[in-house]
Number of protein chains: 2
Amino acid sequence: MRRDIFQAIADPTRRAIIAIIAIQAMTPNAIAEHFDTSRQAISKHLRILSECELLTKKQEGREIYYQLQIEKMKEIDKWLNQFRKIWESRFSQLDNLLSTIKNNKK
Amino acid sequence: MRRDIFQAIADPTRRAIIAIIAIQAMTPNAIAEHFDTSRQAISKHLRILSECELLTKKQEGREIYYQLQIEKMKEIDKWLNQFRKIWESRFSQLDNLLSTIKNNKK
DNA sequence: TATATTTGCAACCAATCGGTTTCAAAATAA
DNA sequence: TTATTTTGAAACCGATTGGTTGCAAATATA
């Protein structure tokens with residue numbers, strides 16, 4: 001069961017959950033109220049998000065508060081870094097085009 | 001067929017293709033040489049990446065060069081911005097924990 | 001012309017995904 | 001104690017995914 005952060009954020013519902021939890025820790029029931037789907041479906045999403053360590057649980061009585069591990073989000077940022085270098089150095093699509101033609105001619 | 005950039009980068013092979021193309025535009029055959037899967041499978045990935053405008057084609061004779069639209073990658077960066085604000089303001093997990101408890105008490 | 005190369009598309013397949021309903025466990029309230 | 005609330009897990013389902021093989025179109029080469 002390969003489960004990484006990129007697969008986790010692929011689903012729009014999960015991205016919405018992340019955005020909601022980012023502001024404040026919440027219980028599954030409270031989260032589910034924001035969506036049209038069932039509580040169980042949200043619970044499944046929470047499980048997936050937890051599995052790749054984007055969320056942590058905090059039990060309080062019979063309620064469980066899910067909290068976003070914002071640090072984990074930096075992994076995406078880290079992956080983007082390799083491209084950030086490029087989009088900062090390429091100032092126009094024309095530059096990009098010309099360099100490609102040059103490379104092809106080799 | 002909902003196809004967005006987040007779904008596009010969910011697959012590890014597609015992320016690898018993006019990284020390869022980022023350096024230099026390439027033909028499907030040249031790209032496929034980097035992987036164990038068939039050329040057709042890579043072709044399918046290229047189609048998906050093209051559909052969400054991450055790649056553009058440039059025909060040269062019977063060869064087709066695929067080029068990364070690095071601008072499109074900024075969309076991920078843009079989405080990350082909402083969380084960047086948070087991880088820059090939260091200096092420790094302790095701060096995070098305390099604010100959550102405070103909110104729950106309300 | 002005939003042949004080889006490069007590519008995309010269609011059909012098919014097993015595995016996974018996101019959803020549902022049902023049920024059980026644990027904590028709280030009456 | 002006996003409900004009620006909150007939650008997760010299991011079983012199931014249709015749709016989608018990522019892969020395969022086979023084929024056809026277009027370009028380049030002999």
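Chain identifiers are assigned alphabetically (A, B, ...) following the order of the sequence lines, protein sequences preceding nucleic acid strands; residue numbering begins at 1 within each chain.
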Which residues pass the side-chain hydrogen bond (donor to acceptor under 3.5 Å, both in side chains) test with [X], not counting sequence neighbours?
| X | answer |
| --- | --- |
| B/K72 | B/E53, B/E75 |
| A/T56 | A/Q69 |
| A/Q82 | none |
| A/D77 | A/R84, B/R84 |

For B/Y66, check ring pair (Phe, Tyr, Trp, His ring centres under 6.0 Å) against everything at least two apart and list the hits.
none
OP1 or OP2 of [N] sitting under 4.0 Å from any side-chain N/O of [X]?
| X | N | result |
| --- | --- | --- |
| A/H45 | C/dC17 | no |
| A/Q7 | C/dC17 | yes |
| A/S43 | D/dT7 | no |
| A/N29 | D/dT7 | yes |

Name the closest nucleotide to the A/E63 side chain, picking from D/dG18, C/dG8, D/dT6.
D/dT6
Both B/Y66 and A/T37 contact DNA chain C. Taking the nearest nucleotide for each, which residue is further toward the 5' end?
B/Y66
Hey, what are the protein-to-nucleotides 28-30 of chain C N/O distances that come in under 3.5 Å?
| residue | atom | partner | partner atom | Å |
| --- | --- | --- | --- | --- |
| C/dT28 | O4' | A/R62 | NH1 | 3.4 |

Listed pairs, N/O of protein and of nucleotides 21-23 of chain D, under 3.5 Å:
| residue | atom | partner | partner atom | Å |
| --- | --- | --- | --- | --- |
| D/dG22 | O6 | B/Q40 | NE2 | 3.0 |

Comparing A/K44 and A/I64 on DNA chain D - which has the more 5′ nearest nucleotide:
A/I64
So which pairs with a foot in residues 4-23 of chain A pass ring pair (Phe, Tyr, Trp, His ring centres under 6.0 Å), sequence neighbours left out?
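Only A/F6-A/W79 qualify under ring pair (Phe, Tyr, Trp, His ring centres under 6.0 Å).
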Cut-off 3.5 Å, no hydrogens considered: what does the side-chain donor-acceptor table look like for residues 32-42 of chain B, sequence neighbours left out?
| residue | atom | partner | partner atom | Å |
| --- | --- | --- | --- | --- |
| B/H34 | ND1 | B/A30 | O | 3.1 |
| B/H34 | ND1 | B/I31 | O | 3.4 |
| B/S38 | OG | B/A41 | N | 3.2 |

If every non-hydrogen atom of A/T27 is compared with every non-hydrogen atom of A/E63, which pair is closest and at what distance?
CG2-CB, 4.0 Å
